[in-house]
Amino acid sequence: MDSSEDESKTSSGTQDQSGADSQPWRISVKELTLENYGVALEDRTLVKPVHVNLEPINLNLKNLSNQKDSQAELALTLKVNQTGTLGVKGLVSINPVSMDLSLQVARIALKSFQSYVDSVAQLELVTGTAALDGKFQYRTLGRHGPEMRYKGSVSIDGFEAVDRLHSEDFLKWESLLFNGLVLDVQPDKLSISEIVANQPYARVIIWPDSTVNLTGIFSAQDGETTNDIDSEAQTPIPVTINTVCIENASVNFSDLSLKPNFAMGIQYLNGTIRGLSSNSLARADVLLEGKVDKYAPVKIDGQINPLSEDLYTDLALFLKNIELSTFTPYSGKFAGYAINKGKLSLDLKYKLSENLLVGENEIFMDQFTFGERIDSPDATTLPVRLAAALLKDREGKIDIDLPVRGDLNDPEFSYGRIVVNALVNLITKIVSSPFDMLAGLVGGDGEGLSFVEFEFGSAALGTEQIRKLEQLAEGLHKRPALRLEIKGVADTKHDRVALAEAELLDQLKRAKLEEPVAVELSLPARTEDISLSDDDYVRLITQAYADRFGEHPMTLFEIESETSESPKIEPEVLIAAARQRLIEKIAVDETSLRRLAQERARQIKDHLIRKGEIPNERVFMVEVKINHASDADMIRTNLTLSGI
């Protein structure tokens with residue numbers, strides 16, 4: 001063999017040996033078994049380390065190999081902190097790395113993980129266990145489907161947590177079950193077929209310092225910071241939840257900032273929420289029904305989309321026959337009165353889209369009655385009793401439509417504030433123009449119903465004023481909780497003159513009755529039945545003037561002049577001048593004016609009671625008022641409404 005052939009063989013042999021050396025190791029394990037092993041885990045990244053004991057651990061692994069696409073059979077069982085159990089069974093591969101496992105977890109005590117809760121909330125875990133039953137899959141990137149997937153169920157049972165700041169109940173439930181849960185990672189996605197919450201309970205408390213337990217529990221803990229940039233950069237995970245079932249839920253609300261304290265609860269709340277999704281166009285149907293304080297029905301019906309960035313709500317809330325006396329702590333503080341009795345029903349409809357909130361509040365109260373006065377520095381100065389009386393119909397019912405509107409983008413937005421403002425505006429409008437409210441019930445002019453006009457010097461009701469009082473009586477009949485106050489009025493100038501004129505006329509009639517001719521003709525004995533002819537009037541005025549001043553009325557027109565003759569005076573002018581001077585000499589004191597004012601008020605009261613059939617206890621005559629001279633053609637007696 002020549003040298004070239006030897007060289008060729010040597011080169012070839014070297015190449016084969018090098019190729020053999022570069023092949024990866026082939027590793028295979030027929031079976032690996034671990035029995036009664038234990039592992040202690042400790043997380044010291046927290047202020048209070050978390051300890052997890054895994055014991056006993058039993059592992060059985062068959063046919064493990066690093067050959068491509070080979071699969072090993074895995075069976076693992078262990079206990080977690082002596083109470084919980086974990087079971088894993090399925091296939092694993094290391095080339096490429098993949099897993100296809102069945103997971104069964106039961107009775108994992110949550111209290112062992114209290115330190116993780118401490119980092120996010122002031123909650124103390126009292127009881128609760130976690131469990132899951134499903135399949136876990138993992139495959140390297142580049143393969144079809146997500147990198148990781150869990151499909152199955154998750155449950156948390158017997159959960160109870162208390163507010164650690166005040167040692168008060170906060171949240172608990174009998175069971176919380178997530179059925180048909182599919183969680184994908186890379187790409188991220190979460191879907192849940194059904195969530196069933198059995199006997200969930202929550203408590204909301206406003207403490208004496210006006211803080212809310214929700215705020216205190218979930219406020220940022222000391223030393224913690226949030227990375228807003230990272231949170232904004234994260235893309236929300238697509239979420240779909242087909243059905244949420246609520247079974248026998250309850251919520252208790254307490255306001256300890258009030259004296260006495262306020263408390264209310266919702267019990268026996270059952271229903272479903274169907275079609276929750278992070279899709280902005282999705283709409284979830286809501287139907288929940290329960291009881292307020294055990295007896296008053298409550299129903300929530302409509303559509304929501306709380307998982308979308310563009311929040312959407314179209315909900316109707318119905319509550320019926322809630323005991324109003326329950327709200328005495330609030331009415332005492334803000335209205336200044338206790339609530340004696342009454343039932344409250346609410347029909348609330350709210351729509352929220354593109355951060356614009358539009359609400360329709362129909363508030364119905366039956367037999368609502370204020371109780372005793374309560375001194376409160378926060379009480380409104382508005383006459384709330386009058387407002388209630390104006391709103392309460394003859395059957396003791398109050399029906400209020402209260403629309404509200406608000407923009408969630410407004411940094412000053414507060415749902416409570418816009419509702420309170422709307423209610424205050426309504427009450428202000430009603431009590432500032434109470435007669436407009438009555439006019440809306442019976443027709444007519446609201447301002448016109450607020451007064452009755454009289455001729456100067458007279459307490460007689462004219463035709464137009466009687467018609468007005470008939471309308472007023474109809475309005476008072478429809479609003480039986482209203483009282484009417486009448487302030488009689490008299491005018492120091494025009495009424496004084498009119499009373500003097502009436503006195504003069506009465507004197508003239510008495511003078512006629514005393515004439516011999518009157519005795520012979522047997523004239524009526526009452527002056528109001530006497531009529532005076534023009535001749536009678538001239539004669540009697542002239543005689544009265546002479547008796548009063550000792551001279552003829554002509555002396556009023558005498559001109560002091562040696563050459564001039566006596567002027568020619570028309571009889572009408574002469575009598576008018578005499579009449580005027582006689583009137584000026586008739587004394588009308590304030591007592592007479594007060595008597596006139598009182599009589600005007602009495603005429604109004606009598607008409608409302610006798611003709612309008614308004615009970616006497618609802619009509620009051622208040623202290624009269626003597627006004628200075630008025631420029632009006634008639635004088636007004638003002639009326640005021642108040643609540644019983």
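In this structure, the side chain of Arg405 does not engage the main chain of Val358 through any donor-acceptor pair within 3.5 Å. A donor-acceptor pair under 3.5 Å is absent between the side-chain atoms of Ser433 and the main chain of Ile430, judged by distance alone. With Ser592 contributing its side chain and Val588 its backbone, the two residues share no donor-acceptor pair below 3.5 Å. Looking at Lys341, its side chain never comes within 3.5 Å of a backbone N or O of Phe368 through a donor-acceptor pair.
Applying the 6.0 Å contact sphere to CD of Glu485 captures more than 12 heavy atoms from other residues, nucleotides or ligands. Heavy atoms of other residues, nucleotides or ligands lying less than 6.0 angstrom from NZ of Lys349 number more than 12. In the displayed structure, Asp410 atom CG is contacted under 6.0 Å by more than 12 heavy atoms of other residues, nucleotides or ligands. Heavy-atom contacts from other residues, nucleotides or ligands closer than 6.0 Å to CD of Glu360 number 12 or fewer. Enclosure of atom CD in Gln367 by more than 12 non-hydrogen atoms of other residues, nucleotides or ligands within 6.0 angstrom is indicated. More than 12 heavy atoms of other residues, nucleotides or ligands sit less than 6.0 Å from atom CD of Glu617. Residue Asp534 places its CG atom among 12 or fewer non-hydrogen atoms of other residues, nucleotides or ligands, all under 6.0 Å distant. Within a 6.0 Å sphere centred on NZ of Lys333, heavy atoms belonging to other residues, nucleotides or ligands number more than 12.
Between the side chains of Asn213 and Asp163, no donor-acceptor pair of N or O atoms lies under 3.5 Å. Checking Asp536 against Ser533 by side-chain atom types alone, a donor-acceptor pair falls below 3.5 Å.
Under a 4.0 Å N-O distance rule, the pair Glu323/Lys343 qualifies as a salt bridge. The residues Arg581 and Glu584 are annotated as not salt-bridged, no charged nitrogen and carboxylate oxygen being separated by less than 4.0 angstrom. Classification of Lys509 and Asp506 as a salt-bridged pair fails, no side-chain N sitting under 4.0 Å from a carboxylate O. With respect to Glu501 and Arg579, a salt bridge is recorded, a charged nitrogen being found less than 4.0 Å from a carboxylate O. Residues Arg594 and Glu599 are not paired through a salt bridge, judged by the lack of any N-O separation under 4.0 Å between the basic side chain and the carboxylate. By the 4.0 Å N-to-carboxylate-O rule, Arg510 lies close enough to Glu503 to be salt-bridged with it. In summary, Glu474 and Lys478 engage in a salt bridge, as defined by a charged side-chain N under 4.0 Å from a carboxylate O.
Rounding to the nearest 0.5 angstrom, the gap separating the OG atom in Ser331 from the CD1 atom in Ile374 is 6.0 Å. Atoms CG and CG, on Leu476 and Leu438 in that order, are 6.0 Å from each other to the nearest 0.5 Å. Between Thr542 atom OG1 and Tyr537 atom OH the span is 10.5 Å, to the nearest 0.5 Å. Taken from OG in Ser642 to CZ in Arg385, the straight-line distance is 9.5 Å, to the nearest 0.5 Å. Atom-to-atom distance recorded for Glu455:CD and Gln465:CD is 9.5 Å, nearest 0.5 angstrom. A distance of 5.0 Å separates CD1 in Ile418 from CG in Leu357, rounded to the nearest 0.5 Å.
Between Asn361 and Asp401, the closest side-chain pair of non-hydrogen atoms is not below 4.5 Å. Phe364 has its side chain out of reach of Ile400: every pair of non-hydrogen atoms, C-beta onward, lies at least 4.5 Å apart. Taking 4.5 Å as the limit, every side-chain heavy atom of Asn321 sits out of range of all side-chain heavy atoms of Leu344. Counting only heavy atoms from C-beta outward, the side chains of Val489 and Arg636 never approach each other to under 4.5 Å. In this structure the side chain of Met554 reaches within 4.5 angstrom of the side chain of Leu574, judged on heavy atoms. With contacts defined as side-chain heavy-atom distances shorter than 4.5 Å, the pair Tyr312/Ile304 does not qualify. The shortest distance between side-chain heavy atoms of Leu639 and Leu449 does not fall below 4.5 Å. Between Asp606 and Lys611, every side-chain heavy-atom pair lies at or beyond the 4.5 Å cut-off.
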Quiz item: What do the steps show when you test Met437 against Leu391 for side chain to side chain contact (heavy atoms under 4.5 Å, CB included), and what is the final call?
Solution: CA-CA 9 Å; Met437 180 78 176; Leu391 291 167; 3.8 Å; yes

Quiz prompt | Test log, rule side chain to side chain contact (heavy atoms under 4.5 Å, CB included), inputs Ile586 and Leu504 | solution = CA-CA 8 Å; Ile586 294 176; Leu504 176 60; 3.7 Å; yes

Practice problem: Show your reasoning for whether side-chain hydrogen bond (donor to acceptor under 3.5 Å, both in side chains) applies to Asn638 and Lys625. | Solution: CA-CA 10 Å; Asn638 294 317; Lys625 183 178 182 182; over 6 Å; no

Exercise. Please test Leu386 against Leu482 for side chain to side chain contact (heavy atoms under 4.5 Å, CB included), starting from the C-alpha separation and ending with a verdict.
Key: CA-CA 7 Å; Leu386 173 59; Leu482 283 175; 3.7 Å; yes

Practice problem: Apply the test side chain to side chain contact (heavy atoms under 4.5 Å, CB included) to residues Glu453 and Ile635: give CA-CA distance (whole Å), side-chain angles for both, the deciding distance (0.1 Å), then the verdict. | Solution: CA-CA 5 Å; Glu453 291 183 315; Ile635 189 165; over 6 Å; no

Quiz item: Under the salt bridge (charged side-chain N to carboxylate O under 4.0 Å, His left out) criterion, do Asp495 and Arg600 qualify, and how do the steps go?
Solution: CA-CA 12 Å; Asp495 274 329; Arg600 285 167 172 165; 2.8 Å; yes

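The shortest heavy-atom contact between Lys487 and Thr637 is O-CG2, 3.1 Å. Across all their heavy atoms, Glu395 and Asp366 have their closest contact at O-OD1, 4.1 Å. Of all heavy-atom pairs between Leu593 and Arg496, the closest is CD1-NH2, 3.6 Å. Minimum heavy-atom separation, Ala578 to Ile541: CB-CG2, 3.8 Å. Scanning all heavy atoms of the two residues, the minimum distance from Ala335 to Ala379 falls at C-CB, 4.1 Å. When every heavy atom of Pro434 is checked against every heavy atom of Leu641, the shortest pair comes out as CB-CD1, 3.8 Å.
Using the six-membered ring where Trp is involved, His166 and Trp207 have ring planes that are parallel, under 30° apart on the 30 and 60° scheme. Note on ring orientation: taking the six-membered ring where Trp is involved, the planes of Phe549 and Tyr545 are tilted (angle from 30° to 60°).
Between Tyr350 and Tyr415, the ring centre distance stays below 6.0 Å.
Within the structure, the ring pair (Phe, Tyr, Trp, His ring centres under 6.0 Å) test picks out the following pairs touching residues 434-460 (sequence neighbours left out): Phe456-His494.
By the salt bridge (Lys or Arg N to Asp or Glu O under 4.0 Å) test, Glu470 is found to be paired with no residue, residues two or more places apart in sequence or in another chain being considered.
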Can I get a per-line list of side-chain donor-acceptor pairs under 3.5 Å for residues 289-303, giving both atom names and the distance, sequence neighbours left out?
residue: Asp293; atom: OD1; partner: Gly265; partner atom: N; Å: 3.0
residue: Gln303; atom: NE2; partner: Asp285; partner atom: OD1; Å: 3.0

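The side chain to side chain contact (heavy atoms under 4.5 Å, CB included) with Asp255 is formed by just one residue from the set Val204, Ile206, Asn261, Ile205; it is Ile206.
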